[in-house]
Amino acid sequence: MGKNFGTTLVPEGAQRLQVPRVAQLVEVQVVDDEWIAFVSEGELADLPDEFYLRELRHYDGDSTIQEIADLIEEYGQLCLDDFAEWSGDVFGNWEQRSIAIEKRIEYKKQYNVDMLVPDSLLHLWEGRPHLDYLRFLRDGWIVAAATGDLADYAQLFVDVPNGQPIESTVRHWLHALNAGLRVSHARIDHPLVQEEGATLFGASCIQLYNHIQEGARYKVCMNESCGRIFVRQQGRAAKDQRKSEGVKYCSSKCARAQAQRELRRRRSVAAQAPDDVILEAQREESRVMAMVALAKARREQGVPSLGATLRVKRLELALDDRSVRRRAGVDAPILIAIEADDFERYEGQHVHMERWLTALAELYGMDSKEVVARYRADRLLELSR
Ligand SMILES: [Zn+2]
(Lines give C-alpha, C1' and ligand atoms only; values in the text may rest on other atoms or scores of the structure.)
Protein backbone atom coordinates (compact mmCIF):
# COMPACT_ATOMS: atom_id res chain seq x y z
CA MET A 1 0.00 0.00 0.00
CA GLY A 2 1.53 3.27 -1.08
CA LYS A 3 1.21 6.83 0.08
CA ASN A 4 -2.21 8.33 0.22
CA PHE A 5 -2.26 10.69 -2.73
CA GLY A 6 -6.01 10.97 -2.53
CA THR A 7 -5.93 13.71 0.04
CA THR A 8 -3.08 15.70 -1.47
CA LEU A 9 -3.88 15.71 -5.20
CA VAL A 10 -6.47 18.46 -4.97
CA PRO A 11 -5.44 21.47 -2.85
CA GLU A 12 -7.34 21.89 0.37
CA GLY A 13 -10.28 24.27 0.03
CA ALA A 14 -10.59 23.61 -3.71
CA GLN A 15 -14.17 23.93 -4.90
CA ARG A 16 -16.27 21.67 -7.03
CA LEU A 17 -16.29 22.81 -10.63
CA GLN A 18 -19.40 23.44 -12.64
CA VAL A 19 -19.57 20.80 -15.37
CA PRO A 20 -19.98 22.80 -18.61
CA ARG A 21 -22.64 21.92 -21.14
CA VAL A 22 -21.65 20.25 -24.38
CA ALA A 23 -22.35 21.41 -27.94
CA GLN A 24 -24.83 19.12 -29.69
CA LEU A 25 -24.28 17.84 -33.23
CA VAL A 26 -26.65 16.75 -35.98
CA GLU A 27 -26.31 15.03 -39.36
CA VAL A 28 -23.49 12.91 -38.07
CA GLN A 29 -22.04 10.76 -40.88
CA VAL A 30 -19.07 8.48 -41.36
CA VAL A 31 -17.07 9.42 -44.47
CA ASP A 32 -14.43 7.19 -46.13
CA ASP A 33 -14.30 4.94 -43.04
CA GLU A 34 -12.04 7.42 -41.25
CA TRP A 35 -13.87 10.74 -40.95
CA ILE A 36 -16.95 11.76 -39.06
CA ALA A 37 -18.68 14.76 -40.62
CA PHE A 38 -21.34 16.67 -38.71
CA VAL A 39 -23.16 19.94 -38.30
CA SER A 40 -22.79 21.72 -35.00
CA GLU A 41 -26.28 22.54 -33.86
CA GLY A 42 -25.29 25.24 -31.39
CA GLU A 43 -27.63 23.79 -28.76
CA LEU A 44 -25.99 22.95 -25.47
CA ALA A 45 -26.91 20.01 -23.26
CA ASP A 46 -25.88 18.70 -19.85
CA LEU A 47 -23.89 15.50 -19.74
CA PRO A 48 -25.48 12.66 -17.79
CA ASP A 49 -24.02 12.32 -14.28
CA GLU A 50 -20.98 10.06 -14.16
CA PHE A 51 -20.78 10.12 -17.94
CA TYR A 52 -17.03 9.49 -17.95
CA LEU A 53 -17.59 6.47 -15.73
CA ARG A 54 -20.72 4.95 -17.27
CA GLU A 55 -21.30 5.92 -20.90
CA LEU A 56 -17.59 6.04 -21.73
CA ARG A 57 -16.89 2.74 -20.03
CA HIS A 58 -16.48 0.80 -23.29
CA TYR A 59 -14.61 3.42 -25.29
CA ASP A 60 -10.86 3.45 -25.78
CA GLY A 61 -8.10 3.61 -28.36
CA ASP A 62 -9.62 0.61 -30.18
CA SER A 63 -13.05 2.20 -30.67
CA THR A 64 -14.35 1.98 -34.22
CA ILE A 65 -15.30 4.97 -36.31
CA GLN A 66 -18.96 3.97 -36.09
CA GLU A 67 -18.84 3.68 -32.30
CA ILE A 68 -17.36 7.17 -32.07
CA ALA A 69 -19.93 8.54 -34.53
CA ASP A 70 -22.77 7.07 -32.46
CA LEU A 71 -21.28 8.57 -29.29
CA ILE A 72 -21.00 12.11 -30.61
CA GLU A 73 -24.39 11.92 -32.28
CA GLU A 74 -25.96 11.14 -28.93
CA TYR A 75 -23.91 13.35 -26.59
CA GLY A 76 -22.07 16.01 -28.61
CA GLN A 77 -18.67 17.13 -29.81
CA LEU A 78 -15.90 14.85 -28.53
CA CYS A 79 -12.80 17.03 -28.62
CA LEU A 80 -11.18 20.17 -30.01
CA ASP A 81 -9.70 19.72 -33.47
CA ASP A 82 -6.44 21.44 -32.47
CA PHE A 83 -5.78 18.86 -29.72
CA ALA A 84 -5.62 21.72 -27.19
CA GLU A 85 -7.09 19.49 -24.48
CA TRP A 86 -4.75 16.64 -25.16
CA SER A 87 -1.28 16.62 -23.67
CA GLY A 88 -0.13 13.96 -26.12
CA ASP A 89 2.34 12.21 -23.86
CA VAL A 90 2.08 8.53 -23.47
CA PHE A 91 -0.39 7.10 -25.97
CA GLY A 92 0.92 8.06 -29.36
CA ASN A 93 2.92 11.18 -28.70
CA TRP A 94 3.16 13.98 -31.26
CA GLU A 95 3.06 11.40 -34.00
CA GLN A 96 -0.66 10.91 -33.65
CA ARG A 97 -1.31 14.62 -33.70
CA SER A 98 0.76 15.12 -36.87
CA ILE A 99 -1.02 12.24 -38.60
CA ALA A 100 -4.33 13.92 -37.82
CA ILE A 101 -3.08 17.24 -39.23
CA GLU A 102 -1.82 15.51 -42.39
CA LYS A 103 -5.15 13.80 -42.76
CA ARG A 104 -6.92 17.15 -42.61
CA ILE A 105 -4.67 18.52 -45.36
CA GLU A 106 -5.43 15.44 -47.48
CA TYR A 107 -9.13 15.90 -46.87
CA LYS A 108 -8.90 19.53 -47.91
CA LYS A 109 -7.24 18.55 -51.21
CA GLN A 110 -9.57 15.68 -51.92
CA TYR A 111 -12.79 17.51 -51.21
CA ASN A 112 -11.54 20.92 -52.23
CA VAL A 113 -12.59 22.71 -49.05
CA ASP A 114 -11.33 26.21 -48.25
CA MET A 115 -10.59 25.97 -44.59
CA LEU A 116 -7.39 24.30 -43.59
CA VAL A 117 -8.98 22.82 -40.51
CA PRO A 118 -12.71 22.48 -40.95
CA ASP A 119 -14.18 22.16 -37.48
CA SER A 120 -17.16 20.09 -38.56
CA LEU A 121 -15.01 17.02 -38.95
CA LEU A 122 -13.46 14.51 -36.64
CA HIS A 123 -10.82 12.04 -37.75
CA LEU A 124 -10.52 8.56 -36.27
CA TRP A 125 -6.98 9.46 -35.20
CA GLU A 126 -8.33 12.43 -33.29
CA GLY A 127 -11.22 10.64 -31.63
CA ARG A 128 -9.36 7.54 -30.50
CA PRO A 129 -6.53 9.18 -28.52
CA HIS A 130 -8.99 11.38 -26.68
CA LEU A 131 -11.13 8.40 -25.74
CA ASP A 132 -8.05 6.43 -24.75
CA TYR A 133 -6.91 9.29 -22.55
CA LEU A 134 -10.24 9.38 -20.77
CA ARG A 135 -9.97 5.63 -20.16
CA PHE A 136 -6.45 6.11 -18.79
CA LEU A 137 -7.56 8.95 -16.50
CA ARG A 138 -10.65 7.11 -15.30
CA ASP A 139 -9.04 3.75 -14.61
CA GLY A 140 -6.00 5.36 -13.01
CA TRP A 141 -8.14 7.27 -10.57
CA ILE A 142 -10.50 4.41 -9.71
CA VAL A 143 -7.46 2.40 -8.64
CA ALA A 144 -5.92 5.35 -6.76
CA ALA A 145 -9.18 6.06 -4.93
CA ALA A 146 -9.26 2.45 -3.67
CA THR A 147 -5.59 1.90 -2.80
CA GLY A 148 -4.53 5.46 -2.07
CA ASP A 149 -1.75 5.34 -4.63
CA LEU A 150 -1.87 6.45 -8.24
CA ALA A 151 1.22 4.35 -8.92
CA ASP A 152 -0.81 1.16 -8.33
CA TYR A 153 -2.46 1.62 -11.70
CA ALA A 154 0.96 1.48 -13.33
CA GLN A 155 1.32 -2.13 -12.12
CA LEU A 156 -0.56 -3.11 -15.25
CA PHE A 157 2.28 -1.95 -17.43
CA VAL A 158 5.21 -3.16 -15.40
CA ASP A 159 6.95 -6.14 -17.09
CA VAL A 160 4.89 -5.58 -20.23
CA PRO A 161 7.03 -5.31 -23.40
CA ASN A 162 7.53 -1.56 -24.05
CA GLY A 163 5.83 -0.87 -20.74
CA GLN A 164 6.24 2.52 -19.12
CA PRO A 165 8.11 2.95 -15.84
CA ILE A 166 5.80 3.77 -12.93
CA GLU A 167 6.95 7.39 -12.51
CA SER A 168 6.27 8.26 -16.11
CA THR A 169 2.79 6.71 -16.02
CA VAL A 170 1.97 8.86 -12.99
CA ARG A 171 3.48 11.93 -14.63
CA HIS A 172 1.48 11.37 -17.81
CA TRP A 173 -1.68 10.91 -15.82
CA LEU A 174 -1.20 14.27 -14.08
CA HIS A 175 -0.25 16.07 -17.30
CA ALA A 176 -3.22 14.61 -19.11
CA LEU A 177 -5.80 15.61 -16.52
CA ASN A 178 -4.31 19.07 -16.04
CA ALA A 179 -4.31 19.69 -19.79
CA GLY A 180 -7.97 18.65 -19.97
CA LEU A 181 -8.91 20.91 -17.06
CA ARG A 182 -6.93 23.88 -18.31
CA VAL A 183 -9.12 24.29 -21.37
CA SER A 184 -12.41 23.59 -19.74
CA HIS A 185 -12.83 25.74 -16.68
CA ALA A 186 -12.61 29.42 -15.74
CA ARG A 187 -14.63 31.11 -18.44
CA ILE A 188 -16.81 34.16 -18.83
CA ASP A 189 -20.01 34.45 -20.81
CA HIS A 190 -22.36 37.20 -21.84
CA PRO A 191 -26.08 36.72 -22.49
CA LEU A 192 -25.80 38.43 -25.89
CA VAL A 193 -23.20 35.98 -27.10
CA GLN A 194 -23.94 32.33 -27.70
CA GLU A 195 -22.23 30.40 -24.94
CA GLU A 196 -19.54 28.17 -26.35
CA GLY A 197 -20.11 24.51 -25.64
CA ALA A 198 -17.53 22.32 -23.99
CA THR A 199 -16.41 19.02 -25.47
CA LEU A 200 -17.15 15.56 -24.11
CA PHE A 201 -13.45 15.32 -23.32
CA GLY A 202 -13.29 18.56 -21.34
CA ALA A 203 -16.58 18.03 -19.52
CA SER A 204 -15.54 14.45 -18.62
CA CYS A 205 -12.28 15.73 -17.14
CA ILE A 206 -14.31 18.07 -14.92
CA GLN A 207 -16.62 15.27 -13.79
CA LEU A 208 -13.56 13.24 -12.86
CA TYR A 209 -11.99 16.22 -11.10
CA ASN A 210 -15.13 16.64 -9.00
CA HIS A 211 -14.98 13.00 -7.92
CA ILE A 212 -11.33 13.49 -6.94
CA GLN A 213 -12.18 16.70 -5.09
CA GLU A 214 -14.99 15.10 -3.07
CA GLY A 215 -13.00 11.93 -2.36
CA ALA A 216 -15.67 9.76 -4.04
CA ARG A 217 -15.57 6.03 -3.38
CA TYR A 218 -16.09 3.77 -6.36
CA LYS A 219 -18.29 0.71 -5.97
CA VAL A 220 -19.29 -2.21 -8.13
CA CYS A 221 -23.01 -2.61 -8.83
CA MET A 222 -24.25 -5.67 -6.93
CA ASN A 223 -26.78 -6.64 -9.56
CA GLU A 224 -25.36 -10.01 -10.67
CA SER A 225 -25.81 -9.22 -14.34
CA CYS A 226 -24.37 -5.66 -14.14
CA GLY A 227 -21.05 -5.16 -12.34
CA ARG A 228 -20.59 -1.58 -13.51
CA ILE A 229 -18.34 0.72 -11.50
CA PHE A 230 -20.22 3.75 -10.16
CA VAL A 231 -20.35 6.35 -7.39
CA ARG A 232 -23.99 7.40 -6.98
CA GLN A 233 -27.16 5.54 -7.75
CA GLN A 234 -29.13 6.85 -10.69
CA GLY A 235 -32.85 6.62 -11.19
CA ARG A 236 -35.95 7.59 -9.32
CA ALA A 237 -34.39 9.78 -6.61
CA ALA A 238 -34.49 13.52 -7.23
CA LYS A 239 -31.36 14.80 -8.92
CA ASP A 240 -29.76 16.43 -5.88
CA GLN A 241 -30.59 13.53 -3.60
CA ARG A 242 -28.71 10.84 -5.44
CA LYS A 243 -27.17 8.73 -2.79
CA SER A 244 -23.73 7.27 -2.52
CA GLU A 245 -23.63 6.00 1.07
CA GLY A 246 -25.13 2.58 1.67
CA VAL A 247 -26.02 2.16 -1.98
CA LYS A 248 -25.41 -1.21 -3.60
CA TYR A 249 -26.78 -0.71 -7.10
CA CYS A 250 -25.82 1.68 -9.90
CA SER A 251 -29.45 2.40 -10.73
CA SER A 252 -32.92 1.80 -9.37
CA LYS A 253 -33.42 -0.54 -12.33
CA CYS A 254 -30.55 -2.76 -11.18
CA ALA A 255 -31.85 -2.69 -7.60
CA ARG A 256 -35.24 -3.98 -8.77
CA ALA A 257 -33.74 -6.65 -11.04
CA GLN A 258 -31.61 -8.06 -8.22
CA ALA A 259 -34.47 -7.94 -5.68
CA GLN A 260 -36.62 -9.99 -8.05
CA ARG A 261 -33.83 -12.50 -8.64
CA GLU A 262 -33.39 -12.98 -4.90
CA LEU A 263 -37.09 -13.38 -4.38
CA ARG A 264 -37.22 -16.16 -6.99
CA ARG A 265 -34.28 -17.84 -5.31
CA ARG A 266 -35.88 -17.74 -1.86
CA ARG A 267 -39.06 -19.22 -3.31
CA SER A 268 -37.24 -22.12 -4.90
CA VAL A 269 -35.36 -22.88 -1.65
CA ALA A 270 -38.65 -22.72 0.26
CA ALA A 271 -40.11 -25.27 -2.16
CA GLN A 272 -37.47 -27.88 -1.24
CA ALA A 273 -38.09 -30.59 1.34
CA PRO A 274 -36.50 -29.74 4.76
CA ASP A 275 -34.39 -32.95 4.71
CA ASP A 276 -32.88 -31.97 1.37
CA VAL A 277 -32.01 -28.53 2.72
CA ILE A 278 -30.23 -30.03 5.75
CA LEU A 279 -28.36 -32.59 3.65
CA GLU A 280 -27.24 -29.87 1.25
CA ALA A 281 -26.05 -27.69 4.17
CA GLN A 282 -23.99 -30.60 5.58
CA ARG A 283 -22.40 -31.29 2.22
CA GLU A 284 -21.60 -27.61 1.86
CA GLU A 285 -19.95 -27.48 5.27
CA SER A 286 -17.58 -30.36 4.60
CA ARG A 287 -16.78 -28.95 1.18
CA VAL A 288 -15.90 -25.61 2.78
CA MET A 289 -13.59 -27.25 5.32
CA ALA A 290 -11.80 -29.17 2.59
CA MET A 291 -11.32 -26.00 0.59
CA VAL A 292 -9.87 -24.05 3.49
CA ALA A 293 -7.42 -26.91 4.20
CA LEU A 294 -6.41 -26.94 0.54
CA ALA A 295 -5.86 -23.17 0.46
CA LYS A 296 -3.71 -23.39 3.63
CA ALA A 297 -1.63 -26.22 2.19
CA ARG A 298 -1.02 -24.27 -1.01
CA ARG A 299 0.16 -21.29 0.96
CA GLU A 300 2.49 -23.37 3.12
CA GLN A 301 4.00 -25.01 0.07
CA GLY A 302 4.71 -21.61 -1.43
CA VAL A 303 2.58 -22.19 -4.54
CA PRO A 304 2.28 -18.87 -6.42
CA SER A 305 -0.98 -17.11 -5.56
CA LEU A 306 -3.94 -17.10 -7.91
CA GLY A 307 -3.47 -13.41 -8.73
CA ALA A 308 0.22 -13.94 -9.49
CA THR A 309 -0.58 -16.97 -11.68
CA LEU A 310 -3.15 -15.01 -13.65
CA ARG A 311 -0.76 -12.13 -14.08
CA VAL A 312 1.99 -14.38 -15.45
CA LYS A 313 -0.51 -15.85 -17.93
CA ARG A 314 -1.60 -12.41 -19.11
CA LEU A 315 1.98 -11.28 -19.61
CA GLU A 316 2.84 -14.51 -21.47
CA LEU A 317 -0.04 -13.86 -23.83
CA ALA A 318 0.94 -10.17 -24.07
CA LEU A 319 -2.61 -9.03 -23.35
CA ASP A 320 -3.08 -5.43 -22.30
CA ASP A 321 -5.92 -4.16 -20.15
CA ARG A 322 -7.95 -3.08 -23.18
CA SER A 323 -7.91 -6.56 -24.71
CA VAL A 324 -8.83 -8.08 -21.36
CA ARG A 325 -11.78 -5.75 -20.99
CA ARG A 326 -12.95 -6.24 -24.55
CA ARG A 327 -12.53 -10.00 -24.61
CA ALA A 328 -13.36 -11.00 -21.03
CA GLY A 329 -15.44 -8.05 -19.81
CA VAL A 330 -13.10 -7.33 -16.90
CA ASP A 331 -12.34 -3.63 -16.37
CA ALA A 332 -8.75 -2.57 -15.68
CA PRO A 333 -9.27 -1.56 -12.01
CA ILE A 334 -10.77 -5.01 -11.33
CA LEU A 335 -8.01 -6.76 -13.24
CA ILE A 336 -5.40 -4.94 -11.15
CA ALA A 337 -7.20 -5.93 -7.94
CA ILE A 338 -7.39 -9.59 -9.04
CA GLU A 339 -3.71 -9.68 -9.95
CA ALA A 340 -2.91 -8.28 -6.49
CA ASP A 341 -5.04 -11.07 -4.89
CA ASP A 342 -7.31 -8.33 -3.58
CA PHE A 343 -10.64 -9.98 -4.29
CA GLU A 344 -12.66 -7.56 -2.17
CA ARG A 345 -11.06 -4.25 -3.12
CA TYR A 346 -14.27 -2.60 -4.27
CA GLU A 347 -17.55 -2.82 -2.45
CA GLY A 348 -19.73 -5.24 -4.42
CA GLN A 349 -16.82 -6.78 -6.31
CA HIS A 350 -17.21 -10.25 -4.74
CA VAL A 351 -20.64 -10.67 -6.33
CA HIS A 352 -19.03 -10.90 -9.78
CA MET A 353 -15.73 -12.57 -9.01
CA GLU A 354 -16.61 -16.08 -10.20
CA ARG A 355 -18.05 -14.77 -13.46
CA TRP A 356 -14.98 -12.59 -14.08
CA LEU A 357 -12.50 -15.32 -13.16
CA THR A 358 -14.25 -17.77 -15.47
CA ALA A 359 -14.00 -15.28 -18.33
CA LEU A 360 -10.32 -14.58 -17.58
CA ALA A 361 -9.49 -18.29 -17.39
CA GLU A 362 -11.20 -18.89 -20.73
CA LEU A 363 -9.34 -15.99 -22.32
CA TYR A 364 -6.02 -17.26 -20.95
CA GLY A 365 -6.70 -20.88 -21.92
CA MET A 366 -6.82 -22.10 -18.30
CA ASP A 367 -9.18 -24.52 -16.59
CA SER A 368 -11.91 -22.17 -15.40
CA LYS A 369 -13.34 -24.62 -12.84
CA GLU A 370 -9.96 -24.91 -11.19
CA VAL A 371 -9.43 -21.15 -11.18
CA VAL A 372 -12.83 -20.57 -9.55
CA ALA A 373 -12.19 -23.34 -7.00
CA ARG A 374 -8.88 -21.74 -6.05
CA TYR A 375 -10.58 -18.38 -5.64
CA ARG A 376 -13.28 -19.89 -3.42
CA ALA A 377 -10.70 -21.62 -1.25
CA ASP A 378 -8.57 -18.47 -0.91
CA ARG A 379 -11.60 -16.37 -0.07
CA LEU A 380 -12.80 -18.82 2.58
CA LEU A 381 -9.34 -18.87 4.10
CA GLU A 382 -9.34 -15.06 4.28
CA LEU A 383 -12.84 -14.98 5.74
CA SER A 384 -12.01 -17.64 8.34
CA ARG A 385 -9.17 -15.56 9.79
ZN1 LIG B 1 -26.06 -1.87 -12.22
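The analysis underlying the following values was restricted to heavy atoms, covering all of them including side chains, and did not include hydrogens, waters or symmetry mates. Both counts, for ligands and for their atoms, begin at 1 and track the order of listing.
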Problem - Ser323 side-chain N/O to Leu319 backbone N/O, donor-acceptor pair under 3.5 Å - result: no
Problem - Centroid separation Phe343 to Tyr375 less than 6.0 Å - result: yes
Practice task
Return the set of residues passing side chain to side chain contact (heavy atoms under 4.5 Å, CB included) with Glu344 (not counting sequence neighbours), or none when no residue passes.
Solution key: His350, Arg379
Practice task
Determine the interplanar angle of the His175 and His172 rings, folded into 0 to 90°, and report it as parallel if under 30°, tilted if 30 to 60°, perpendicular if over 60°.
Solution key: perpendicular
Completion exercise
What lies under 2.8 Å from the Zn ion (ligand 1), restricted to protein N/O/S atoms, is Cys221 SG, Cys226 SG, Cys250 SG, Cys254 SG
Exercise for the section: Classify the angle between the aromatic ring planes of His130 and Phe201 as parallel (below 30°), tilted (30 to 60°) or perpendicular (above 60°). Expected result: perpendicular
Practice task
Dump the intermediate steps for ring-ring contact (aromatic ring centres under 6.0 Å, His included) on Tyr218 and Phe230, then the final yes or no.
Solution key: CA-CA 6 Å; Tyr218 294 91; Phe230 73 104; 9.4 Å; no
